[in-house]
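Written out below as structure tokens is the structure these notes cover.
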Amino acid sequence: MTDPLTQTALVTGASTGIGAVYADRLARRGYDLILVARDTARLDALAERLRAETGRTVTVQRADLTAAADVAAVAATLADDARITLLVNNAGMSITGDLLTTPTADVERLIALNITAPTLLAQAAGKAFVARGAGSIINIASVLALIPEAFDGVYSGTKAYLLNLSQSLAAHYGDKGLYVQAVLPGATRTEIWARSGKDVDSFPPEMVMSVDDLVDAALVGFDARETVTIPPLADAHLPHWEAMQSERGALAGVLSRRDPAARYAGAARA
Ligand code: NAP
């Protein structure tokens, strides 16, 4: 019989990298798991290891999250399986060039995987969790959400979108039992770099975090119920982030007005 206290986490992009470490840590915390990605050989191997090491129930759902039908199938799992209390929206990709130099099909795939899929999965999970009055969503964004000038605008834009979505969901549903955390990693040593034709070793070593440290730190932020967790942001620089949020808050009530600002006045109408 299923332990009524056992919770299940669904982790996308669990076959390697950040998602695989989340799967490991969550199984050790007592979660049963549903692992989602395309590479079933890797997912099966991880599932077998975690079953043996933790005794948890670990299942695999193969999905290409750039394909609408596969996204719908994972959304259906989130909607139908009441044991699921946590969605880790982790699957993501980068691209080799920028908007002007990347083939259109690759840009479309990036948006499908980094925006459309996590949005629709958060929708399915969020509805189910709010209906039950409890549940959590972790969205893996990136520090590039804050520094668009540092990278190609398409990838960083998808991560800014996830940060925006997370903060909005947290504000609107936080008091209805839904906890949403955006995690903003900096450069982290995973396959995403090689997959997008980039060399993570081109960064100074002190800029690149290990995937184990990244996930362990992000889970400290999860336990603290932070809305935004930035593992590489040193405590000394935290006031900059807090000031940025506070300044943003100060703008909230003054951004929609009948009259254009005085500095834009003066253009004569015909
Ligand atoms: P990774 O090592 O390349 O792993 C990506 C994961 O996503 C894999 O499990 C991959 O599995 C899965 N995935 C890729 N395409 C998919 C598709 N079409 N359908 C389903 N799953 C797919 O990358 P990572 O660094 O762990 O990245 C995880 C998340 O962290 C991403 O959202 C990334 O943007 C974000 N992030 C990473 C860094 C970094 O420096 N590493 C920094 C900031 C944010 P399959 O190939 O088996 O499908």
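Note that these values count all heavy atoms, side chains included, but never hydrogens, waters or copies made by symmetry. We count ligands from 1, going down the list as the structure has it; atoms in each ligand are counted the same way. All values derive from a computational prediction rather than experimental measurement.
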Does D24 pair with R49 as a salt bridge, N-O distance under 4.0 Å? yes

G186 heavy atom under 4.0 Å from ligand 1: yes

Contact check: W193 vs ligand 1, nitrogen or oxygen atoms, below 3.5 angstrom: yes

Would A141 count as a contact of ligand 1 if the rule is a heavy atom under 4.0 Å away? yes

CD/E48: more than 12 non-hydrogen atoms of other groups inside 6.0 Å: no

Ligand 1 to D64, heavy atom cutoff 4.0 Å, flagged ligand atoms 17 (C), 18 (N), 19 (N)

Under-4.0 Å heavy-atom contact with ligand 1, by part of A63 that carries it: backbone

Could you check atom 4 (O) of ligand 1 against the protein and tell me its nearest heavy-atom contact, residue, atom and distance included? T16 CG2, 3.6 Å

Not counting sequence neighbours, which residues clear ring-ring contact (aromatic ring centres under 6.0 Å, His included) with Y161? List them please. none

Which of the atoms in ligand 1, numbered in the order shown and given with their element, are less than 4.0 Å from a heavy-atom of A91? 7 (O), 21 (N), 32 (O)

Interfacing atoms of ligand 1 (cut-off 4.0 Å, heavy-atom, A187): 40 (O)

So the atoms of ligand 1 within less than 4.0 Å of a heavy atom of P185 turn out to be 42 (C), 43 (C), 44 (C)

Can you tell me if K127 has over 12 outside heavy atoms packed within less than 6.0 Å of its NZ? no

Over all atoms of both residues, closest heavy-atom pair of A141 and L184: CB-CD1, 3.9 Å

Short side-chain to backbone donor-acceptor contact, Q181 and A218, under 3.5 Å: yes

Value rounded to 0.5 Å, distance of CD1 in I230 from CH2 in W241: 4.5 Å

Correct closest heavy-atom pair for T96 and G197 would be OG1-N, 4.4 Å

Quick one: nearest non-hydrogen protein atom to atom 28 (C) of ligand 1, plus distance? N90 OD1, 3.1 Å

May I ask you to check whether F222 and Y179 place their ring centres under 6.0 Å from each other? yes

Using distance alone, determine whether G13 and ligand 1 share an N or O pair under 3.5 Å. yes

Could you tell me whether L113 and ligand 1 have an N or O pair separated by under 3.5 Å? no

Just by distance, no angles: are the side chains of D39 and S15 close enough, under 3.5 Å, to form a donor-acceptor pair? no

For S15, counting its heavy atoms only, list the atoms of ligand 1 lying under 4.0 Å from any of them. 8 (C), 9 (O), 10 (C), 11 (O), 45 (P), 47 (O)

Provide the number and element of each atom of ligand 1 under 4.0 Å from a heavy atom of G92. 5 (C), 7 (O), 31 (C), 32 (O)

Could you tell me whether some N/O pair between T190 and ligand 1 is separated by less than 3.5 angstrom? yes

Nearest-contact summary for atom 26 (O) of ligand 1 - protein heavy atom, Å: I18 N, 2.8 Å

In ligand 1, the atoms that come under 4.0 Å of a heavy atom of G17 are 2 (O), 26 (O)

Tell me whether F151 at atom CZ has more than 12 heavy atoms from other residues, nucleotides or ligands lying less than 6.0 Å away. yes

Of the protein's non-hydrogen atoms, which lies at the shortest distance from atom 34 (O) of ligand 1, and what is that distance? Y155 OH, 2.6 Å

Min N/O separation A37 to ligand 1 under 3.5 Å: no

Between D259 and R257, is there a salt bridge with N-O shorter than 4.0 Å? no

What are the atoms of ligand 1, with element, lying closer than 4.0 Å to any heavy atom of D39? 47 (O)

Have a look at ligand 1 and work out which part of K159, if any, has a heavy atom under 4.0 Å from it: side chain, backbone, both or neither. side chain

G97 to D152 - nearest heavy-atom pair and separation: O-CB, 3.4 Å

Side chain to side chain contact (heavy atoms under 4.5 Å, CB included), paired with L87, selected from N89, T85, I84: N89

For ligand 1, which part of A14 has a heavy atom less than 4.0 Å away: the side chain, the backbone, both, or neither? backbone

Under a 4.0 Å heavy-atom limit, does R195 contact ligand 1 with its side chain, its backbone, both, or neither? side chain

Starting from atom 40 (O) of ligand 1, find the nearest protein heavy-atom neighbour and note its residue, name and distance. T188 N, 2.8 Å

With no hydrogens and no angle check, is any side-chain donor or acceptor of R195 less than 3.5 Å from a backbone partner on S94? no

Going by the closest heavy atom to atom 23 (O) of ligand 1, which one wins out of I192, L65, L214? I192

Give me the nearest non-hydrogen protein atom to atom 16 (C) of ligand 1 as residue plus atom name, then the distance to 0.1 Å. R38 NE, 3.5 Å

